[in-house]
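Data first, discussion second: the structure below is written as structure tokens.
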Amino acid sequence: MEFLSVAHSDVGIRKRTNQDSVLIKEASTDYGKVHLSVICDGMGGLAKGEVASATLIRAFSRWFEETLPFLLYEKRFNDRLDFNELQKSWNQLIAQCNDLIGHYGEACHAPCGTTAAAILMAEGSYYIANVGDSRVYILRRNMRSLTKDQTFVQREVDEGRMTVEEAAVHPQKNVLLQCVGASPVVVPDFYTGSYGPGDVFLLCSDGFRHVISEEEFMNFIRPAELQTEADMKDAAIYCTELNKQRRENDNISVILVKVME
């Protein structure tokens, strides 16, 4: 299978710097095309959030080039990429970056950190790592989140102390339970599943999704009609500009990936 992919990132209407970072990597292998997309939403004083997100993005880029081939060829299980080995590798990468970013923030007297939403697609299976509240969605007949936010309000909803409606307007709705660089220990959530032709994956920072509903995203993106990367770029830009018109205050970043025959 082939992949079409685009990324779009905008500083938005209020912030002076764009603290989001994005990554798309793709390679041809003996096992077909493999694709990696990552979105990181940085946070921190003195514009250090952009350093945090860029640090993690660079680490994922190096991992794709240096470590993934070893996992893909040497660490297979039942003739497939071993999800357990992948989790170990990503845990190590994130832990190293957590220490690196944390020490950098301490040295600058400006604590900083970043979310991380990463998806690796290979041999008909997707593998996701998530820290924080950036998200990965799949768009088929509807739009469904494949990740769960690591936030205070999501925990309260999960434990029955808050409704989804209350969480959407709660003053602590953006409080993260952990992020890379600002937590003593980071525990990513991992997810896996299968993909096929026609599936569209959307990765975004939280600024992309606050003021547009999932139903609107389906109407604006029209996943079944996306045939070129130019179509996908137009959809990404349209949604970004709509966010700005609706006065979204955060940085706005999105990656779209469509699976083709």
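FYI, the numbering just counts along the sequence from 1. Model, not experiment: these values are computed from the prediction.
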_Check ion pair K244-D10 (N to O, under 4.0 angstrom)_ = yes
*Report the residue from R161, R155, Q154 that forms a side chain to side chain donor-acceptor pair (under 3.5 Å) with D158.*
Q154
*Least distance between heavy atoms, S89 atom then W63 atom*: OG-NE1, 2.7 Å
*Would you find more than 12 non-hydrogen atoms of other residues, nucleotides or ligands less than 6.0 Å from R222 atom CZ?*
no
*Please answer whether the main-chain N or O of D99 pairs with a side-chain N or O of H103 as donor and acceptor at a distance below 3.5 Å.*
yes
_Ionic contact status for R209 with D41, cut-off 4.0 Å_ = no
*Decide if atom NZ of K25 counts as having more than 12 heavy atoms of other residues, nucleotides or ligands within a radius under 6.0 Å.*
yes
*Between Y73 and Y31, how do the two ring planes meet: parallel, tilted or perpendicular, split at 30° and 60°?*
tilted
*Are L71 and L86 close enough that some pair of their side-chain heavy atoms sits under 4.5 Å apart?*
yes
*What's the verdict on ring-ring contact (aromatic ring centres under 6.0 Å, His included) for F208 and F217, showing C-alpha distance, side-chain angles and the deciding distance?*
CA-CA 10 Å; F208 186 76; F217 277 128; 5.0 Å; yes
*Donor-acceptor under 3.5 Å (N251 side chain, Q19 main chain)*: yes
*asked:* Can you confirm whether L72 sits close enough to E123 that some side-chain heavy atom of one is under 4.5 Å from a side-chain heavy atom of the other?
replied: yes
_Contacts of K15 that satisfy salt bridge (Lys or Arg N to Asp or Glu O under 4.0 Å) - sequence neighbours left out_ = D250
*Side-chain heavy-atom pair N249, I13 within 4.5 angstrom cut-off*: yes
_Non-hydrogen side-chain atoms of M121 and V259 separated by less than 4.5 Å_ = yes
*Would the number of heavy atoms belonging to other residues, nucleotides or ligands and lying under 6.0 Å from CD of E159 be above 12?*
yes
*Do I39 and D20 have side-chain heavy atoms sitting under 4.5 Å apart?*
no
